[in-house]
J.: 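Here's a structure for you.
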Amino acid sequence: MNSLYRRILVPIDGSDTAERGLQEAIGLAKAFDSSLVLLSVVEYYPMMMEMATATTWELISNDLRSHHERVLDRAHEAAKSAGVASETHLEDAAAARVCDVIVDQAREHRCDLIVMGTHGRRGIEHAMVGSDAERVIRMSTVPLLLVKSQK
């Protein structure tokens, strides 16, 4: 492969916004003859861990992992159907933020580009929810393409 973007990291979580990012990444991968590194990060919320019994927590964490596995399987099939090579990675954000995991995985898998969806939140909603995409912009050493939600 003699391409500008040989490996494209695509963080996905099953949301419509992430799906838009995935579709854009598939198009780029076809155009540049690139492969995709599909990443889904399981994020555990500390409050859930504190409030749940051990048995309940195990059920919750198993459900979260299963959800992310299904998301990766669907994305892998979408890439395959488009004739794009891909690999999947499921990571836990146990002690880290999702943005940290994304940046680390881009480095670890030697990706040349990160393509991710963003909600484009502003104002009070942005202040309350924050933005993993914004944090990735600040921390990433590789180019980042943000695909905005249609809303």
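By convention here, the first residue in the shown sequence is residue 1.
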J.: Locate the shortest heavy-atom distance separating I26 from L36; write the atom from each residue and the value.
T.: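 That would be CG1-CD1, 3.8 Å.
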J.: Any link between V84 and V37 through a network of hydrophobic side chains (Ile, Leu, Val, Met, Phe, Trp, Tyr) touching at under 4.5 Å?
T.: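 In one cluster with V84: V37, no.
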J.: For the residue pair S40 and I12, what are the closest heavy atoms and their distance?
T.: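 Smallest interatomic distance, heavy atoms only, reads OG-O, 2.9 Å.
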J.: Walk me through whether L113 and V142 qualify under side chain to side chain contact (heavy atoms under 4.5 Å, CB included).
T.: CA-CA 6 Å; L113 175 68; V142 300; over 6 Å; no
J.: Please test D73 against R70 for salt bridge (Lys or Arg N to Asp or Glu O under 4.0 Å), starting from the C-alpha separation and ending with a verdict.
T.: CA-CA 5 Å; D73 288 344; R70 287 189 303 275; over 6 Å; no
J.: Regarding H89 and E91, is there a side-chain donor-to-acceptor distance under 3.5 Å anywhere?
T.: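 The answer is no; no qualifying pair exists.
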J.: Shared ILVMFWY cluster between V103 and L90, side chains joined below 4.5 angstrom?
T.: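 Looking at the clustering, L90 is in a separate group from V103.
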J.: Any side-chain to backbone donor/acceptor pair from R6 onto D112? Under 3.5 Å, distance only.
T.: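 Between the backbone of D112 and the side chain of R6 there is no qualifying donor-acceptor contact (under 3.5 Å).
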J.: Apply salt bridge (Lys or Arg N to Asp or Glu O under 4.0 Å) to E134 and R138, showing your working.
T.: CA-CA 7 Å; E134 185 177 316; R138 289 189 201 138; 2.4 Å; yes
J.: Take I8 and L145 through the test side chain to side chain contact (heavy atoms under 4.5 Å, CB included) and record every step on the way to the result.
T.: CA-CA 10 Å; I8 301 172; L145 173 63; over 6 Å; no
J.: What are the two closest heavy atoms between D13 and A18, and how far apart are they?
T.: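 Scanning both residues, the minimum pair turns out to be OD1-CB, 3.4 Å.
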J.: Testing the basics here: between H76 and S86, what is the closest heavy-atom pair and its distance to 0.1 Å?
T.: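 Scanning both residues completely, I find the closest heavy atoms to be ND1-OG, 2.7 Å.
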J.: Show, in sequence, the C-alpha distance, side-chain angles and deciding distance for D92 and R65, and conclude whether the salt bridge (Lys or Arg N to Asp or Glu O under 4.0 Å) test is met.
T.: CA-CA 9 Å; D92 288 328; R65 288 189 69 76; 2.7 Å; yes
J.: Count I, L, V, M, F, W, Y as connected when their side-chain heavy atoms are under 4.5 Å apart, and connections chain through other members. Are V10 and L144 then in the same cluster?
T.: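 V10 and L144: separate clusters.
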J.: With side chain to side chain contact (heavy atoms under 4.5 Å, CB included) as the test, would you mind laying out the steps for M116 and L146 before giving the verdict?
T.: CA-CA 5 Å; M116 62 188 292; L146 297 178; 3.6 Å; yes
J.: Give me the atom names and distance for the closest heavy-atom approach of L72 to L38.
T.: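 Scanning both residues completely, I find the closest heavy atoms to be CD2-O, 3.6 Å.
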J.: Verify side chain to side chain contact (heavy atoms under 4.5 Å, CB included) between Q105 and E108, making sure each step is shown before the conclusion.
T.: CA-CA 5 Å; Q105 290 294 301; E108 182 177 323; 3.6 Å; yes
J.: Let me check something: do V147 and L28 share a hydrophobic cluster, defined by ILVMFWY side-chain heavy atoms less than 4.5 Å apart, either directly or through other members?
T.: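 Linked within one cluster.
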J.: About how many Å separate OG1 of T88 and CZ of R74, when rounded to the nearest 0.5 Å?
T.: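 Atom-to-atom, R74:CZ and T88:OG1 are 13.0 Å apart.
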J.: Linking I/L/V/M/F/W/Y whenever their side-chain heavy atoms sit closer than 4.5 Å, directly or via other members, would L64 and V41 fall into one cluster?
T.: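 No; tracing contacts between hydrophobic side chains, which count when under 4.5 Å, never links both residues.
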J.: Could you tell me which non-hydrogen atom of R7 sits nearest to which non-hydrogen atom of H109, and how far apart they are?
T.: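 Between these two residues, the closest heavy atoms are NE-O, 2.7 Å.
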J.: From the options I102, V115, L22, select the one residue that forms a side chain to side chain contact (heavy atoms under 4.5 Å, CB included) with P11.
T.: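 For P11, the side chain to side chain contact (heavy atoms under 4.5 Å, CB included) test succeeds with only one of I102, V115, L22, which is I102.
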